[in-house]
Undergrad: 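Here you go, one structure.
Naming convention: chains lettered A, B, ... in sequence-line order (proteins, then strands); numbering from 1 in each chain. Only heavy atoms go into these numbers, but all of them, side chains included; no hydrogens, no water, no symmetry mates.
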2 protein chains.
Amino acid sequence: MTSTAIASLHRGKYRIHTVAEMTGVPAATLRAWERRYGVPVPARTSSAYRVYSDADIALIRRVVELCEGGLAPSEAARVALEEHVPQAHTPVEPGDPYAPLRESILQAIEAFDPRRLERELDRAAASGPPATVAEDVLRRVLLEVGERWHTGRVTVAQEHLASEAIGTVLRRMLTQVQPEGDARMVLLAGFADEEHEFPLQVLAVHLASWGLRVVQLGVRTPPAALRQAVAELQPALVGLSCTIAPAAHRARELVDAYADAIGDVPWIVGGAATSTLARFVSGRGGQIVEDPQPRALRSQVERMCSRRKPRR
Amino acid sequence: MTSTAIASLHRGKYRIHTVAEMTGVPAATLRAWERRYGVPVPARTSSAYRVYSDADIALIRRVVELCEGGLAPSEAARVALEEHVPQAHTPVEPGDPYAPLRESILQAIEAFDPRRLERELDRAAASGPPATVAEDVLRRVLLEVGERWHTGRVTVAQEHLASEAIGTVLRRMLTQVQPEGDARMVLLAGFADEEHEFPLQVLAVHLASWGLRVVQLGVRTPPAALRQAVAELQPALVGLSCTIAPAAHRARELVDAYADAIGDVPWIVGGAATSTLARFVSGRGGQIVEDPQPRALRSQVERMCSRRKPRR
DNA sequence: TATCATTGGACCAACCTTTGACAAATCGCG
DNA sequence: CGCGATTTGTCAAAGGTTGGTCCAATGATA
C-alpha cells in the first residue's frame with residue numbers, strides 16, 4: 001500500500017521480519033541466503049540485529065524474480081549480485097590511491113583464489129591510466145610477491161598463479177595502449193640469460209602510453225636476433241632488460257655483442273642487474289635506466305628518440 | 001510480460017528440470033540426447049550439475065520442431081547442430097578454410113612486420129570459434145614456424161616476434177572463452193623442465209570452450225607447487241604438458257612426483273614427449289592425450305571429469 | 001515478561017548425477 | 001510378410017548436492 005511507497009523514499013531501515021513480510025521470503029530463508037550466497041549482506045545494529053536497506057530489498061526482490069524465471073537460487077543470487085554490484089567505486093585519498101588495490105590483489109594471491117585474483121586485477125586495470133596501474137599496482141605487487149616468496153610467506157604455487165594472471169593483464173593492457181598509425185617504434189628485448197618477462201612488460205606499457213609503438217621480442221633474445229630485428233625494423237629506440245647479473249667477463253661480452261647488434265640506434269638498459277653492466281653499457285653509448293621514476297625516464301627517452309632519425 | 005524481458009536480460013542458466021518444463025522434453029530424454037548426439041552439451045557447475053544456456057534451449061526447441069516435422073531424432077540433431085554452430089559460416093570448400101589465414105600470418109612473420117602480424121592475428125581471432133582458431137590457425141602456425149626455424153627459413157628474431165604476438169592473442173582468447181559461474185575447474189601446468197607455453201595455452205582454450213574453468217600455473221611448475229595448488233583448489237581435472245622428453249630415469253621420477261602431488265584427481269598428460277612418459281603415466285592412473293583431435297579429447301575429458309567426486 | 005534477534009548446526013525432501021538396462025518403435029532385407 | 005538389428009524413450013539403482021526449514025541456547029527490545 002502507500003506506506004511501502006513512502007518507506008521506499010527514505011533510506012529504509014527494516015528489520016528482518018518486516019523484510020520477510022515485504023518480500024514474501026521467510027526470515028529463515030533470508031538468513032540462509034545471506035549465509036550461503038551473500039545476498040544481501042545487510043548492515044547491523046550494535047547488538048548485531050540485521051538492518052536491511054532499500055537496496056538490500058531490491059536485491060532480494062530481484063532474486064525472487066529470477067527464481068520465478070526458472071533459475072536455481074544459487075544462480076539467481078550470482079546473477080543478481082553481478083547486476084547490482086558494478087556501481088562505481090570511489091577513488092580514494094591522494095596519498096597512495098593504489099594501496100588498497102594492491103592489498104586486495106595480494107590477499108587474493110595469498111588466499112590462492114584465481115577467480116578473485118582475476119576479478120581484482122580487472123578492477124585494477126580499469127582503475128586508472130594503464131601506465132600508472134602497471135607501475136603502481138602490478139609492478140609493486142610483483143615486487144611484494146617476490147619478497148614474500150623469499151621469506152616463505154608466498155609459495156611457488158602462489159607465485160606461479162600470480163605470474164600467469166598478471167602476465168595476462170599486462171599483455172592486455174599493452175595492446176590497449178599501443179598507439180595506432182605510424183608512431184616511432186621501440187624494440188624491447190630481454191638479455192640472453194634473462195628469465196623475467198615482467199620488467200619488459202611494464203616498460204612496454206610505459207613506452208606505449210607515451211606514444212611509442214612497442215615491438216616485443218621477449219626474454220632471452222640473443223644478440224644476433226636483435227641485430228636482425230634492428231636491421232629490419234629500424235626502431236627509434238632499443239630497450240634491453242637484465243635482471244640477473246652475469247659474471248663480469250660474460251657481462252662485457254654480452255653488452256659488446258648487443259651494442260654491435262644495435263649499431264647506432266639509441267638504446268637503454270634497465271633491470272636489477274644494471275649496476276653490474278653500467279660501465280660497459282655507457283662505454284658503448286647506451287643509457288642506463290635505473291630510476292624507476294617514469295617521469296625522469298620519459299624525458300630521457302624522449303631526448304634519445306629524437307636524437308636520431310631512422311633513415312630509409 | 002516481465003518474465004520474458006527478464007529472461008532475455010541475463011544469459012539463461014537453467015537446471016535440467018526447468019529446461020524440461022520449458023521445452024516439453026523430459027529430463028531423461030535431454031540427458032539421452034546429450035549422451036547420444038551431443039545436442040546440446042550444457043555447461044556444468046563444479047558439482048557436475050548441467051546448466052543450460054538460452055542457446056542450448058533454442059537448440060533443443062529446434063530439434064523438437066524438426067522431430068515434429070517427421071525427422072528421426074538422430075537426423076534432427078545433426079541438422080540442428082549444423083544450423084546452429086557455423087553461424088558466421090564461410091561458404092568455402094570443405095578442405096581447409098583456415099589455410100589462407102595461416103598463410104598470411106606466416107607471410108607477416110617472414111616479412112618481419114609486427115604491425116601486419118598483429119592485424120592478421122586479430123583477424124584470425126575473430127574468424128571463428130576460439131578453440132578452432134587456436135587449433136587450426138595458431139597451433140599450426142607455431143608448428144610451421146618451428147619447422148621453418150629448423151630449416152633456417154625463419155630466424156630466431158622472427159620466431160621471438162611470432163611467439164610474443166601469438167602468446168598475447170592466445171591469452172586474450174582464453175579470457176574470452178573462460179566460463180563464468182562455478183564451473184568445474186581444471187588446473188594446467190607445464191612439467192618442471194618445460195619451456196614451451198603454447199601447448200598449454202592451446203589446451204587451455206579448448207578446455208575453457210568446453211565449459212571448464214581453466215586455472216593456469218604455467219610452465220616449469222614443480223611437483224610441490226602443483227601439490228599445493230591441487231590441495232587448495234580441488235580441481236576436477238589436472239592437465240600437464242611435456243614437450244621435451246627427460247631421460248628415462250628422470251622421467252619416471254618426475255611422473256611419480258606429479259602423480260603423488262595430484263593424488264586421486266583425474267589427470268591427463270599431453271605434449272610431444274608423451275610417448276616417453278606413457279608407461280609411467282598410465283602406471284600411475286594418468287591418461288595420455290596424444291590425439292590432437294579435439295573431439296576425441298573432449299569426450300575423454302568429459303568422462304574423466306565426472307568420474308570422481310571433487311571432494312576433499 | 002513476552003516477543004523478537006542472533007548463531008551454528010542439523011535435517012530432509014527434492015533434485016541432480018551416472019551407469020546400465022529394457023521394451024517399443026522403426027528399419028533393412030530376404 | 002516376417003525376422004533380426006538398430007534406434008530411441010524411459011526407468012531404476014546408488015549416491016552426491018541443494019536449499020528451505022527448524023532447533024537450542026542466548027541476547028536484545030519493548
Undergrad: For A:Ala72, report the nucleic acid contact type (base, sugar-phosphate, nothing); a contact means any heavy atom under 4.0 Å.
TA: sugar-phosphate
Undergrad: Will you find, in the side chains of A:Glu159 and A:Thr155, an N or O donor that is under 3.5 Å from an N or O acceptor?
TA: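 No, A:Thr155 and A:Glu159 have no side-chain donor paired with an acceptor closer than 3.5 Å.
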Undergrad: Within the structure, does a side-chain N or O atom of B:Thr29 lie under 4.0 Å from either OP1 or OP2 of D:dT10?
TA: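 Yes, such a contact exists.
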Undergrad: Would one find a side-chain N or O of B:Arg31 under 4.0 angstrom from OP1 or OP2 of D:dT8?
TA: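 It does not, given that no N or O in the side chain of B:Arg31 lies less than 4.0 Å from OP1 or OP2 of D:dT8.
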Undergrad: Strictly below 4.0 Å: does B:Tyr37 bring a side-chain N or O up to OP1 or OP2 of D:dT7?
TA: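 For D:dT7, neither OP1 nor OP2 has a side-chain N or O of B:Tyr37 closer than 4.0 Å.
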Undergrad: Would one find a side-chain N or O of A:Arg15 under 4.0 angstrom from OP1 or OP2 of C:dT3?
TA: no
Undergrad: Quick one: is D:dT21 close enough that its OP1 or OP2 comes under 4.0 Å of any side-chain N or O from A:Arg35?
TA: no
Undergrad: Give B:Thr45 one of three labels, base, sugar-phosphate or nothing, depending on what nucleic acid heavy atoms sit under 4.0 Å from its own.
TA: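 Result for B:Thr45 = nothing.
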Undergrad: Within this structure, what is the CZ-to-C1' distance between B:Arg184 and C:dT17, rounded to whole angstrom?
TA: 11 Å
Undergrad: When the distance from CD of B:Glu75 to C1' of D:dT8 is rounded to whole Å, what number comes out?
TA: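 Interatomic distance, CD of B:Glu75 to C1' of D:dT8: 14 Å.
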Undergrad: Is the phosphate of D:dT29, meaning OP1 or OP2, less than 4.0 Å from a side-chain N or O of A:Ser47?
TA: yes
Undergrad: Quick one: which of D:dG19, C:dT17, C:dT7 gets closest to the side chain of B:Ile16?
TA: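 Closest nucleotide to the B:Ile16 side chain: C:dT17.
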Undergrad: Distance-only criterion, 3.5 Å: show the donor-acceptor pairs between side-chain atoms of residues 62-71 of chain B and protein atoms not counting sequence neighbours.
TA:
unit_1	atom_1	unit_2	atom_2	d
B:Arg62	NE	B:Glu83	OE1	2.6
B:Arg62	NH1	B:Glu65	OE1	2.4
B:Arg62	NH2	B:Glu83	OE2	2.9

Undergrad: Looking across every strand, which nucleic acid part, if any, lies under 4.0 Å from A:Ala48 by heavy atom: base, sugar-phosphate, or nothing?
TA: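 Sugar-phosphate, no base atom in range.
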Undergrad: DNA chain C: A:Arg36 or A:Tyr49, which has the more 5' nearest nucleotide?
TA: A:Tyr49
Undergrad: Nearest 0.5 angstrom please: A:Leu101 CG to A:Ser127 OG, how far?
TA: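 Atom-to-atom, A:Leu101:CG and A:Ser127:OG are 4.5 Å apart.
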Undergrad: Where the side chain of A:Trp33 is concerned, which of D:dG20, D:dT10, C:dT6 is the nearest nucleotide?
TA: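 Nucleotide nearest to A:Trp33's side chain: D:dG20.
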